[in-house]
Visitor: 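If you scroll down you'll find the structure; I have some questions about it.
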Number of protein chains: 2
Amino acid sequence: MAVHKREQFTEAEQQLATIAKALGHPARVAILKLLAKRQACVCGELVLELPLSQSTVSQHLKELKAAGLVQGEVDGPRVCYCIDPAGWARARQLLGGLLAELPNTNNCC
Amino acid sequence: MAVHKREQFTEAEQQLATIAKALGHPARVAILKLLAKRQACVCGELVLELPLSQSTVSQHLKELKAAGLVQGEVDGPRVCYCIDPAGWARARQLLGGLLAELPNTNNCC
DNA sequence: GTTTGCAATCGTAAATTTACGATAAACGAA
DNA sequence: TTCGTTTATCGTAAATTTACGATTGCAAAC
């Protein structure tokens with residue numbers, strides 16, 4: 001596009017969109033679910049579980065980290081990933097807010 | 001990318017990703033909130049409320065419709081948009097499921 | 001210090017997204 | 001029928017996303 005106009009939306013809208021965008025790929029959803037299920041969350045294990053190359057998984061992890069949903073901790077030669085508690089709390093707040101704001105009723109014309 | 005590998009993920013993961021992707025732009029979040037707030041949901045009013053051109057708003061509406069989150073009904077020369085009750089129920093189910101599945105606890109290494 | 005193994009980054013290519021103006025299509029009104 | 005209003009679509013351009021192999025960087029082990 002010619003120019004981004006994101007700055008014209010509210011902070012909450014942008015944050016929610018950023019989080020939703022991070023969730024907007026099945027690989028990243030799968031990664032989050034794997035991180036939630038296992039205690040161990042080493043990058044290499046994720047690669048084994050996913051139908052993607054190491055570099056692609058690493059890229060998805062980077063995006064989840066950029067969105068604040070995941071954090072990584074160096075553990076020797078490995079990196080241990082896990083859900084970022086603060087970021088996920090914010091995601092929970094924003095997504096929950098949207099679910100509350102858009103009630104499950106038909107208000108169509 | 002060379003090849004899409006979405007088919008290697010579960011149906012639920014793909015559906016959730018599709019919904020999240022649709023929510024992954026502040027304009028679309030804003031549109032959904034406007035549709036929830038107002039009863040009237042004519043396309044032209046959305047254009048007036050948003051810092052985007054008519055064609056761009058129409059394109060965002062098309063994506064929301066493709067994701068099943070919104071439905072449009074022709075009303076004379078106008079089109080009346082509203083939240084799609086069935087699609088939003090599915091979104092609620094999948095997002096709610098993710099919120100439940102990833103508890104707000106730090107399980108990091 | 002050298003090697004080994006794991007993960008991040010680089011370089012690249014193809015597909016998709018975003019945005020806009022211009023045009024077309026659809027409908028009611030004159 | 002013709003005109004004006006409203007919305008969708010087309011055409012286009014720039015930016016971003018997705019994916020992979022190859023390379024680099026890093027930390028422990030030897």
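Because the structure is predicted, anything quoted here is derived from the model rather than measured. A, B, ... follow the sequence lines: proteins, then strands. Residue 1 opens every chain.
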Visitor: Measure the distance from CG on Leu52(A) to P on dA7(C) and round it to the nearest whole Å.
Guide: 15 Å
Visitor: My understanding is that only residues two or more places apart in sequence, or in another chain, count here; which of them pass side chain to side chain donor-acceptor pair (under 3.5 Å) with Gln54(B)?
Guide: none
Visitor: Take Lys62(B) and Glu63(A), find for each the nucleotide of DNA chain D with the closest heavy atom, and name the residue whose nucleotide sits nearer the 5' end.
Guide: Lys62(B)
Visitor: Can you figure out which of dA7(C), dT16(D), dT16(C) approaches the side chain of Arg78(A) most closely?
Guide: dA7(C)
Visitor: Return the minimal non-hydrogen interatomic distance between Leu69(A) and Ala91(A), and the atom names on each side.
Guide: CD2-CB, 3.8 Å
Visitor: For Asp75(B) and Val42(B), run side-chain contact (heavy atoms from CB on, under 4.5 Å): C-alpha distance rounded to whole Å, both residues' side-chain angles, the deciding distance at 0.1 Å, then the answer.
Guide: CA-CA 9 Å; Asp75(B) 170 31; Val42(B) 177; 5.6 Å; no
Visitor: Look up atom CD in Glu63(B) and atom CD1 in Ile31(B), then write down how far apart they are to the nearest 0.5 Å.
Guide: 9.5 Å
Visitor: Measure the distance from CZ on Phe9(A) to C1' on dA19(C) and round it to the nearest whole Å.
Guide: 11 Å
Visitor: Is there a donor-acceptor pair closer than 3.5 Å between any side-chain N or O of Arg92(A) and the backbone N or O of Leu102(B)?
Guide: yes
Visitor: Measure from CG on Asp75(B) to P on dT5(D) and round the result to the nearest Å.
Guide: 18 Å
Visitor: Can you measure Leu46(A) atom CG to dC6(C) atom P for me and round it to whole angstrom units?
Guide: 14 Å
Visitor: Could you label the plane-to-plane angle of the His25(B) and Phe9(A) rings as parallel, tilted or perpendicular, counting under 30° as parallel and over 60° as perpendicular?
Guide: perpendicular
Visitor: Can you measure Glu73(A) atom CD to dA7(C) atom C1' for me and round it to whole angstrom units?
Guide: 15 Å
Visitor: Mind calculating the distance between CD (Gln8(B)) and P (dA19(D)) to the nearest angstrom?
Guide: 10 Å
Visitor: Indicate whether OP1 or OP2 belonging to dT17(D) is found under 4.0 Å from a side-chain N or O atom of His60(A).
Guide: no
Visitor: Any carboxylate oxygen within less than 4.0 angstrom of a Lys/Arg side-chain nitrogen, looking at Arg38(A) and Glu49(A)?
Guide: yes
Visitor: Is there a side-chain polar atom (N or O) of Ser58(A) under 4.0 Å from OP1 or OP2 of dA7(C)?
Guide: no
Visitor: Taking OP1 and OP2 of dT17(D), is either one under 4.0 Å from a side-chain nitrogen or oxygen of Lys21(A)?
Guide: yes
Visitor: Within the structure, does a side-chain N or O atom of Arg28(A) lie under 4.0 Å from either OP1 or OP2 of dT18(D)?
Guide: yes
Visitor: Please write out each protein N/O paired with an N/O of nucleotides 21-26 of chain D under 3.5 Å, distance rounded to 0.1 Å.
Guide:
residue : atom : partner  : partner atom : Å
dG21(D) : N7   : Ser55(A) : OG           : 3.3
dG21(D) : O6   : Ser55(A) : OG           : 3.3

Visitor: Under 4.0 Å, heavy atoms only, any strand: does Gln59(A) hit a base, just the sugar-phosphate, or nothing?
Guide: base
Visitor: Given atom CG of Leu64(B) and atom C1' of dT18(C), what is their separation to the nearest angstrom?
Guide: 14 Å
